> 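Quick one: structure below, then a few questions.
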Amino acid sequence: MPPRRARLLPPAVLLALLVGCARPSSPASVTPKLDASLEFERWPDPPPEPPPPAPPTAASLPEGAPGLVVINPGEVEIDLYTVLVVDAAGLLAPRVLWPHRYECKGRTHLRHPVPAGGGRFILPPPSRTYVPGECEPGPPLPDGDYVVLVDSGYGAELHAAAAITLPMRAPVELRIEPHVQAIPCTDALARRAVHLVVGASQAGRGRRPVPERIFDGCDLERPRCVTHGEAPARPPRRCDVTLFTHEHGALLRVSKPAGDDALSGLTAVLSHDIVYSRPPLVERTSSSAFKVAGGEVVISGTSTTHWHVHGGDGAKIGDVTLQVYNPLGRPVAYHVEGLEFLVDYGCGLPAKEEARPALLRAEPPDRLPPGQSELHLAYEAQEAYHGHCERFATRARLRVEGVTRAVTSEHGVGRFDPVD
């Protein structure tokens, strides 16, 4: 058999084979291999930021020096919020030992830290103090008896208070501890409360102003202590000034007698040891006395509270409840002559007539029974939206056996954000 000769591939097939060998493999079929000996250079971490400088701290007096020795028996360091000073009689406006850091911009705030576990911070005797809200110190305090209150900033329950005499001859200790008992009410304490409330009434003319004549006919030098804080069942026959103390503070109430749409009085909240008073609250709620057949029928308004969603429709107010005191021993005829919905948009007592809603229902319809009872009036609902300082009230004009008087009830309105 003759030897076989090699067969040559056609040029087109040979070219296709050469092109296929030169084509790179698919990325999915290639597994990259890393050299374990190679080291990658890490991006350098940024340098740590320096800690912020510690705020300056007020100097504490040495042990044994005359001053206010604030003691912290708790387990957490306390940076004192403020220290208030008031004279024992309450005739001077309350003062603070240093200005408020947020109200006095640009001033260096000195911390007053009291270490935990019985730590101490000794403050100098009160001298040049500040009126709350002002940034410049007032004149030196005159010599005399004072009360100081150390506000820890952790709520009204955790504080310290003590009586001092200026000039101070020795240190006075104040332990910042929870207070769970009411301070005993005394005649001197009640008078100090009255003076503080009167001062707060005169100072708070801007927001929710207090009428100047609200204390007319009141014996401010002889207030009385009470054992409970509820409002009186009916208007008193003469102005009544009472102080009620409780574990968190105190409450002073001035209750006015009934007249012709006469304001019911005011309520003021005071600190635990009667060192300062918040601006008193006077509501437009009133009472009137109807002299009938030798007796005096008294009808009083009642304050109510309403709420609406922030950004939604205002609260709908369409009824009022009045308290009736009829001593005559028989029913008396009455008639609702008209209703007025009152407003004020600047924090003042509602006085502007916004609407005269129609009466829809009265219960009882035409006679007031003897003794104590309630009169319910329903009327066309009015919208009341609280934006900033709007106030609302309903005034009912009533005729009781020929005597016409007005009785007013204020409606407190608040708003809330819905829960998502």
Side-chain angles (χ1 to χ4, degrees), residues 206-211 214 231 235 256 258-267 279-290 297-324 334-368 373-400 403-419:
R207 184 175 177 85
R208 289 185 175 268
V210 177
I214 194 68
K256 304 280 288 186
D260 184 0
D261 198 19
L263 295 178
S264 297
L266 64 78
T267 303
L281 173 62
V282 178
E283 295 182 316
R284 183 59 184 88
T285 301
S286 69
S287 59
S288 286
F290 301 78
V297 176
V298 175
I299 303 180
S300 302
T302 57
S303 303
T304 58
T305 302
H306 307 262
W307 295 90
H308 65 81
V309 176
H310 189 182
D313 295 334
K316 302 298 182 181
I317 301 176
D319 63 271
V320 67
T321 298
L322 307 178
Q323 300 293 328
V324 180
Y334 86 96
H335 177 70
V336 180
E337 294 193 341
L339 296 169
E340 301 164 5
F341 193 70
L342 308 177
V343 301
D344 187 275
Y345 298 106
C347 301
L349 296 175
K352 178 184 176 182
E353 183 182 300
E354 185 82 352
R356 291 188 176 184
L359 178 68
L360 302 179
R361 184 177 63 261
E363 182 62 36
D366 53 12
R367 290 183 178 273
L368 302 175
S373 63
E374 291 184 344
L375 171 60
H376 301 277
L377 304 178
Y379 55 85
E380 296 175 323
Q382 304 297 307
E383 184 174 19
Y385 188 91
H386 172 71
H388 171 61
C389 206
E390 296 79 5
R391 297 176 67 177
F392 309 90
T394 298
R395 181 164 57 201
R397 297 194 178 277
L398 308 173
R399 186 175 72 250
V400 178
V403 180
T404 301
R405 295 280 188 270
V407 180
T408 307
S409 300
E410 180 161 347
H411 311 291
V413 178
R415 65 186 184 187
F416 64 93
D417 293 313
V419 178

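Predicted model only: the values in this text are computed from it and were never measured.
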> Looking at Val282 and Leu349, what are the two nearest heavy atoms and their distance?
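Nearest pair, atom of Val282 first, then Leu349: O-CD2, 3.5 Å.
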> For the residue pair Ser286 / Asp261, report whether a side-chain donor-acceptor contact shorter than 3.5 Å exists.
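The answer is yes; a qualifying pair exists.
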> Over all heavy atoms of both residues, which pair between Ser303 and Glu283 is shortest? Give the atoms and the distance, please.
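Shortest heavy-atom separation between Ser303 and Glu283 comes out as OG-OE1, 2.6 Å.
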> Going from CG on Leu377 to OG1 on Thr321, what distance comes out if it is rounded to the nearest 0.5 angstrom?
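Nearest 0.5 Å value for the CG-OG1 distance: 8.0 Å.
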> Write down the atom of Ser287, the atom of Ala258, and the distance for their closest heavy-atom approach.
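That closest heavy-atom pairing would be OG-CA, 3.3 Å.
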> Considering all heavy atoms of both residues, which atom of Ile317 and which atom of Ala384 are nearest to each other, and what is their separation?
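Closest heavy-atom pair between Ile317 and Ala384: CD1-CB, 3.8 Å.
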> Side-chain contact, heavy-atom cut-off 4.5 Å: Ser409 with Leu322?
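SC-SC contact between Ser409 and Leu322 confirmed.
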> Establish, from distance only, whether the side-chain atoms of Gln382 and Glu354 form a donor-acceptor pair under 3.5 Å.
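No, no side-chain donor-acceptor pair sits under 3.5 Å.
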> With rounding to the nearest 0.5 Å, note down the distance linking CZ in Arg367 to OH in Tyr334.
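Going from CZ on Arg367 over to OH on Tyr334, the span is 11.5 Å.
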> Got a sec, which residues hit ring pair (Phe, Tyr, Trp, His ring centres under 6.0 Å) with His306, two or more places apart in sequence or on another chain?
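If we apply the ring pair (Phe, Tyr, Trp, His ring centres under 6.0 Å) test to His306, skipping adjacent residues, the hits are His411.
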> Check whether any side-chain heavy atom of Phe290 lies under 4.5 Å from a side-chain heavy atom of Val298, and answer yes or no.
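Side-chain contact under 4.5 Å: no.
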> Is the distance from the ring center of Tyr385 to that of His308 below 6.0 Å?
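Ring centroids of Tyr385 and His308 are less than 6.0 Å from each other.
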> Among Arg405, Arg397, Arg399, whose salt bridge (Lys or Arg N to Asp or Glu O under 4.0 Å) with Glu337 holds?
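Among the candidates, only Arg399 passes.
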> With a 4.5 Å cut-off on side-chain heavy atoms, are Thr285 and Leu263 touching?
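Not in contact.
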> Kindly compute the distance separating CG (Asp319) from OH (Tyr379), expressed to the nearest 0.5 Å.
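One finds 6.5 Å between CG of Asp319 and OH of Tyr379.
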> Any chance you could measure His376, atom NE2, to Glu363, atom CD, to the nearest 0.5 Å?
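The distance works out to 7.5 Å.
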